[in-house]
Q: 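Sharing a structure with you now.
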Amino acid sequence: MAKESIKARQRKREALVAKFAEKRAALKAAGDYAALDALPRNASPVRLKNRCQLTGRPRGYIRYFGMSRVIFRDMALDGKIPGVKKASW
């Protein structure tokens, strides 16, 4: 599990990206790169990292479900994810 400070930093970045999304799009369309440089660095969507919504784990992230492979496997085996079951043949 990731530290709370890392998860809090990620949430803060997500909020900044959402806040400045329209402004960034307008400045990019206008070609005003000097004004883009004046915006906070964490307002750029490139600085976001895919992390598990439950644990904050950055590796083994499954984008479709928004969680790491470890949590996905536990929840799938417990039957908490509809339509997902362990393969057997």
Side-chain angles (χ1 to χ4, degrees):
M1 179 167 295
K3 294 189 332 186
E4 286 300 317
S5 59
I6 301 295
K7 293 194 281 187
R9 188 183 313 156
Q10 177 73 6
R11 286 191 297 269
K12 185 177 177 183
R13 282 184 182 144
E14 289 170 357
L16 270 176
V17 167
K19 179 180 177 183
F20 287 101
E22 292 179 20
K23 189 171 187 177
R24 284 184 60 82
L27 290 173
K28 271 189 161 181
D32 190 2
Y33 298 110
L36 268 174
D37 285 343
L39 293 178
R41 284 189 180 187
N42 285 334
S44 174
V46 171
R47 292 178 68 98
L48 289 177
K49 175 81 174 145
N50 286 333
R51 289 188 173 270
C52 177
Q53 296 296 316
L54 302 173
T55 61
R57 180 182 167 88
R59 294 184 172 194
Y61 179 79
I62 302 173
R63 186 181 297 246
Y64 185 80
F65 294 99
M67 61 183 74
S68 69
R69 61 180 177 79
V70 177
I71 297 299
F72 174 78
R73 185 169 192 267
D74 289 341
M75 291 181 73
L77 290 176
D78 290 341
K80 295 181 180 175
I81 303 176
V84 175
K85 63 179 180 178
K86 191 171 187 289
S88 62
W89 59 90

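Residues take their numbers from the sequence shown, with the count starting at 1.
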Q: What verdict does the side-chain contact (heavy atoms from CB on, under 4.5 Å) test give for Arg24 and Ser44, after you've listed the backbone C-alpha separation in whole Å, the side-chain angles of each residue and the deciding distance to 0.1 Å?
A: CA-CA 8 Å; Arg24 284 184 60 82; Ser44 174; 3.9 Å; yes

Q: For Arg69 versus Ile62, what's the shortest heavy-atom pair and its separation?
A: CA-CD1, 4.0 Å

Q: Tell me whether Leu39 is reachable from Val46 by hopping between hydrophobic residues (I, L, V, M, F, W, Y) whose side-chain heavy atoms are closer than 4.5 Å.
A: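 Hydrophobic grouping puts Val46 apart from Leu39.
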
Q: Please answer: with hydrophobic residues joined when any side-chain heavy atoms are less than 4.5 Å apart, are Leu27 and Val17 in the same cluster?
A: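 Leu27 does not cluster with Val17.
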
Q: With rounding to the nearest 0.5 angstrom, report the NZ to CG distance, Lys19 to Leu16.
A: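 CG of Leu16 is found 6.5 Å from NZ of Lys19.
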
Q: Run the side-chain contact (heavy atoms from CB on, under 4.5 Å) check on Met67 and Gln53 step by step: do they pass?
A: CA-CA 6 Å; Met67 61 183 74; Gln53 296 296 316; 5.8 Å; no

Q: Please determine whether side-chain contact (heavy atoms from CB on, under 4.5 Å) holds for the pair Phe72 and Val84, giving the CA-CA distance in whole Å, both sets of side-chain angles, and the decisive distance to 0.1 Å.
A: CA-CA 10 Å; Phe72 174 78; Val84 175; 3.8 Å; yes

Q: Hey, are Lys7 and Glu4 close enough for a salt bridge, meaning a charged N less than 4.0 Å from a carboxylate O?
A: yes

Q: Taking the side chain as every heavy atom from C-beta outward, state whether Asn50 and Pro58 have any atom pair closer than 4.5 Å.
A: no

Q: Over all heavy atoms of both residues, which pair between Cys52 and Tyr61 is shortest? Give the atoms and the distance, please.
A: N-CD1, 3.8 Å

Q: Indicate the atoms forming the closest heavy-atom contact of Ser68 with Thr55, along with that distance.
A: OG-OG1, 4.3 Å

Q: Going by heavy atoms in the side chains, are Asp78 and Met75 under 4.5 Å from each other?
A: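 Result no, sub-4.5 Å side-chain heavy-atom pair not found.
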
Q: Under the criterion side-chain contact (heavy atoms from CB on, under 4.5 Å), I'd like the reasoning laid out for Arg51 against Arg57: C-alpha separation, chi angles, the key distance, then a yes or no.
A: CA-CA 5 Å; Arg51 289 188 173 270; Arg57 180 182 167 88; over 6 Å; no

Q: State, with a plain yes or no, whether a side-chain heavy atom of Asn42 is found less than 4.5 Å away from one of Leu48.
A: no

Q: Do Lys80 and Asp74 have side chains that get closer than 4.5 Å, going by heavy atoms?
A: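 Not touching, per the 4.5 Å side-chain cut-off.
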
Q: In Å, rounded to the nearest 0.5 Å, how long is the span from CD1 of Ile71 to CG of Leu54?
A: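 Taking CD1 in Ile71 and CG in Leu54, the distance rounds to 6.0 Å.
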
Q: Restricting to non-hydrogen atoms, name the atom on Gly56 and the atom on Ala2 that form the minimum distance, rounded to 0.1 Å.
A: O-CB, 3.5 Å

Q: Indicate the atoms forming the closest heavy-atom contact of Ile81 with Ala76, along with that distance.
A: CD1-N, 4.0 Å

